[in-house]
Amino acid sequence: MLAFEDGEERAFLRDLPVGRLSLSAAVVRKLQLFGIARAGELLHLPAGALEAQFGKEGQALLEIVRGEDNRDVEQWKGVREIVRTRCFDAPVGHGGELLEATRGLLEALCRGLQAQWQCCGCLALTFILEGGEVKQEDLHLKEPSSSPEVLWRRLMPCIEWLAGAISVEELRLTASDLCSAPGTQSSFLDGPRRATAQFNEAVGVLQQRYGRDVVKKVVARRGGRLPEERFSFVPCDPEKR
């Protein structure tokens with residue numbers, strides 16, 4: 001435990017990685033994609049921009065970085081596995097109903113993994129059969145994944161072998177050996193056109209942090225013969241987009 005004199009909190013937090021702050025995994029991941037690695041960098045951002053981007057967590061974000069968060073300290077407990085369970089009102093035999101239930105449970109499990117930006121290296125399928133017998137198969141993946149399609153291809157051969165001719169009372173999927181999922185940088189060029197107000201706000205935040213020339217737009221030039229002479233980069237003024 002560390003003890004600080006009043007007013008020393010901000011100096012301690014300034015160089016702390018954002019992953020060490022009391023934030024959800026989704027917010028930490030988005031901050032890292034924005035290139036924000038240290039807590040002190042958040043102090044340069046407008047409070048309105050943080051609230052617009054992160055909602056209720058954004059409102060409390062500056063309080064955390066400034067050392068003004070008055071919540072009680074909780075012991076950190078890392079998530080080691082994610083479990084999804086389905087209990088049947090009446091035992092289910094091998095067939096379409098069992099396949100559908102397993103597929104639905106797998107999709108719910110993958111949503112949980114993706115919400116935490118994680119993949120699993122091991123997936124366990126457990127059947128509790130009518131009469132109390134328990135059967136389980138552990139699938140160890142060469143490449144960790146959170147894709148329902150990838151994991152479903154591995155699960156399907158196990159279902160018939162585990163269930164056999166005895167009906168299933170309970171179905172359980174357990175994802176373990178969790179690791180971070182690979183990230184991808186978002187692009188302004190993909191997908192539908194963004195709202196002008198949101199684009200202007202994003203450009204304004206970047207210019208405030210790095211200067212007016214950080215965001216540029218492409219304009220056509222007359223008289224150029226070579227491709228590199230036909231276009232120029234000029235500072236992007238959000239009000240004149």
_How long is the straight-line distance from CD1 of I82 back to SG of C120, given to the nearest 0.5 Å?_
8.5 Å
*Honestly curious: do M156 and L125 fall in one hydrophobic cluster under the side-chain, below-4.5 Å linking rule?*
yes
*Is it the case that more than 12 heavy atoms not belonging to E100 sit under 6.0 Å from its CD atom?*
no
*Which heavy atom of R84 sits nearest a heavy atom of G112, and at what distance?*
NH2-CA, 3.9 Å
*Under a 4.5 Å cut-off applied to non-hydrogen side-chain atoms, are C87 and E169 in contact?*
no
_Spacing of OG1 belonging to T102 relative to CD belonging to E97, to within rounding of 0.5 Å_ = 10.5 Å
*Do L98 and L139 belong together in a cluster built from hydrophobic side chains that touch within less than 4.5 Å?*
yes
*Between atom CD1 of I128 and atom CD of E170, what is the distance when rounded to the nearest 0.5 Å?*
3.5 Å
*Is there a path of hydrophobic side-chain contacts, each under 4.5 Å between heavy atoms of I, L, V, M, F, W or Y residues, that connects L106 with F88?*
yes
*Greater than 12 external heavy atoms within 6.0 Å of E149's CD*: yes
*Gap separating the CD atom of Q114 from the SG atom of C119, nearest 0.5 angstrom*: 8.0 Å
*asked:* I need the L105 CG to L155 CG distance, nearest 0.5 Å.
replied: 9.5 Å
*Could you give me the CA-CA distance, side-chain angles and deciding distance for L171 and V92, then say whether side chain to side chain contact (heavy atoms under 4.5 Å, CB included) is met?*
CA-CA 10 Å; L171 167 64; V92 175; over 6 Å; no
_Shortest non-hydrogen contact from C158 toward E137_ = SG-CG, 3.7 Å
_Quick check: closest heavy atoms across P148 and R103, and the distance to 0.1 Å?_
O-NH1, 3.9 Å
*asked:* Rounded at 0.5 Å granularity, tell me how far OG1 in T126 sits from CG in D138.
replied: 7.5 Å
*How far apart are the C-alpha atoms of K217 and V234, what are their side-chain angles, what is the distance that settles it, and do they pass the side chain to side chain contact (heavy atoms under 4.5 Å, CB included) test?*
CA-CA 6 Å; K217 61 182 178 181; V234 299; 3.6 Å; yes
*L141 versus R154: any side-chain heavy-atom pair under 4.5 Å?*
yes
_Joint hydrophobic cluster, L129 plus V134, side-chain heavy atoms closer than 4.5 Å_ = no
_Do L151 and L173 have side chains that approach each other closer than 4.5 Å (heavy atoms only, starting at C-beta)?_
no
*Are V150 and I159 grouped together when hydrophobic residues (ILVMFWY) are joined by side-chain heavy atoms under 4.5 angstrom apart?*
no
*Check P144 against C179 and note the closest heavy-atom contact, atom names and distance.*
CB-SG, 3.5 Å
_Please find the pair of heavy atoms, one from L113 and one from S145, that lie closest to each other, and give the distance._
CD1-O, 4.3 Å
_Any donor-acceptor N/O pair, Q136 side chain to A124 backbone, under 3.5 Å_ = no
